[in-house]
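Proteins come first, then strands; the chains are lettered A, B, ... in the order of their sequence lines, and each starts at number 1. Given the structure is predicted, the values throughout are model-derived calculations rather than measurements.
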There are 2 protein chains.
Amino acid sequence: MVQDIGEQLRAQGRRMTPQRQRVLDAVASLAHATPEDVVAAVARDGGAPLSPSTVYRALEALESLGAVGHTHLDHRAPTYHLADHADHVHLVCRGCGRVDQCERATAVQFEAAVLRSKGFVADVTHMAVHGWCSDCAKKR
Amino acid sequence: MVQDIGEQLRAQGRRMTPQRQRVLDAVASLAHATPEDVVAAVARDGGAPLSPSTVYRALEALESLGAVGHTHLDHRAPTYHLADHADHVHLVCRGCGRVDQCERATAVQFEAAVLRSKGFVADVTHMAVHGWCSDCAKKR
DNA sequence: TTGAATGCAAAAAATTTGCATATTG
DNA sequence: CAATATGCAAATTTTTTGCATTCAA
């Protein structure tokens with residue numbers, strides 16, 4: 001998977017570079033990382049720091065390949081993850097800020113209902129669901 | 001409803017001002033407005049333009065009262081609406097960008113499932129669901 | 001070799017903040 | 001009159017862009 005991304009890039013006349021590999025590795029190890037997180041992570045991986053623009057462009061390139069995807073946990077920061085780590089819905093607590101997740105399967109009925117009533121093919125994983133986790137819900 | 005917001009503000013030692021009223025009116029008439037939209041709308045309502053910071057602060061004040069709420073349709077812009085216009089889920093098309101909506105009721109099973117499995121009290125109206133509208137889905 | 005990718009610095013875009021002044025209650 | 005709200009300008013924060021240089025293929 002991760003190793004043939006270089007070939008996919010080359011197949012499109014694009015290139016695999018050490019920078020892109022480091023960005024990909026950072027996304028893989030962080031699971032949910034903002035561009036800023038990735039910049040910080042690669043700065044810690046032993047190599048020279050990457051400029052933010054390189055990280056933004058690398059994420060864009062990797063996303064256009066389908067190697068990574070992003071989810072919006074809140075308004076201020078897309079978080080990137082490997083494409084194969086995308087099959088869940090994020091639950092962001094308004095109280096404590098914790099991010100939990102649930103199986104995408106939990107939402108299949110909703111997806112089906114939206115498809116039936118609106119013809120809309122929903123991707124419930126792209127933006128997080130906000131609300132109150134069980135602990136915070138109790139306190140209210 | 002809208003008219004006793006002044007009293008609610010005063011009850012908290014805060015104030016109702018012409019600026020806040022104009023912001024509230026703009027939110028009411030636009031239905032889904034970004035702060036930028038509100039700035040533009042009040043500039044057209046006959047009065048003097050409001051400075052962006054006044055609009056941001058007015059929206060914050062009105063939201064803290066529960067008079068307005070906001071939804072994230074995409075990553076770059078919260079959209080404000082009257083609190084009583086909040087009961088639907090937004091569906092944003094990745095193809096054409098159109099924003100549709102469906103009844104919150106469509107998601108009750110999902111909300112129930114998340115509550116059951118995670119104890120999480122979900123507010124499905126806060127962030128939009130992305131996907132493909134029927135027209136764009138056909139084209140793929 | 002040659003065009004895509006990088007790095008830097010400057011530009012944008014979107015909020016936020018400090019502070020003097022104006023206004024509400 | 002006292003404290004809150006406004007307006008402006010400057011500061012932040014986050015992301016994008018131009019361009020000369022480097023490097024993958």
Can you sort out the partners of B:His130 under ring pair (Phe, Tyr, Trp, His ring centres under 6.0 Å), two or more places apart, ordered by chain and number?
-> A:His126
Contact boundaries on DNA chain C for chain A, cut-off under 4.0 Å to non-hydrogen atoms | C:dG3 to C:dC8
Looking at residues at least two apart in the chain, or sitting in another chain, which of them share a side chain to side chain donor-acceptor pair (under 3.5 Å) with A:Thr71?
-> none
Residue pairs meeting salt bridge (Lys or Arg N to Asp or Glu O under 4.0 Å), one or both in residues 42-63 of chain A, sequence neighbours left out, come to A:Arg22-A:Asp45
Please report, rounded to the nearest Å, how far the P atom of D:dT6 is from the CZ atom of B:Arg22.
-> 11 Å
For B:Asp135, enumerate each residue passing the side chain to side chain donor-acceptor pair (under 3.5 Å) test, keeping only those at least two apart in sequence or located in another chain.
-> none
B:Arg116 side chain to B:Glu111 main-chain N or O, any donor-acceptor pair under 3.5 Å?
-> no
Integer-rounded Å distance: D:dA25 P and A:Gln21 CD = 12 Å
Scan for salt bridge (Lys or Arg N to Asp or Glu O under 4.0 Å) pairs involving residues 93-102 of chain B, sequence neighbours excluded, and state none if there are none.
-> A:Lys118-B:Asp100, A:Asp123-B:Arg94
What is the distance from CZ of A:Arg10 to P of D:dC23, rounded to the nearest Å?
-> 18 Å
Would you kindly check whether a donor in the side chain of B:Arg15 faces an acceptor in the base of D:dA3, or vice versa, at under 3.5 angstrom?
-> yes
Kindly give the cluster partners of B:Trp132, where membership spreads through any ILVMFWY side chain lying under 4.5 Å from a current member.
-> A:Leu115, A:Val121
Starting from C1' on D:dT15, measure out to OH on A:Tyr80 and report it in whole angstrom.
-> 10 Å
Residues passing the side chain to side chain donor-acceptor pair (under 3.5 Å) test with B:Asp74, sequence neighbours excluded, are none
Dot-bracket notation for DNA chain D is requested: 5' to 3', Watson-Crick or G-U wobble pairs only, both distances under 3.5 Å, with ( ), [ ], | and . as defined.
-> |||||||||||||||||||||||||
With sequence neighbours excluded, residues passing side-chain contact (heavy atoms from CB on, under 4.5 Å) with B:Gln109 | A:Gln109
Members sharing B:Val89's hydrophobic cluster, built from side-chain contacts under 4.5 Å between Ile, Leu, Val, Met, Phe, Trp and Tyr, are A:Val89, A:Leu91, A:Phe110, A:Val114, A:Phe120, A:Val124, A:Val129, B:Leu91, B:Phe110, B:Val114, B:Phe120, B:Val124, B:Val129
Polar side-chain atom of B:Ser117 near backbone of B:Ala113 as donor-acceptor pair, under 3.5 Å | yes
DNA chain C contacts among residues 49-68 of chain B, heavy-atom distance under 4.0 Å = B:Ser53, B:Tyr56, B:Arg57
Nearest whole angstrom, please: distance from the C1' of D:dA3 to the CZ of B:Arg14.
-> 13 Å
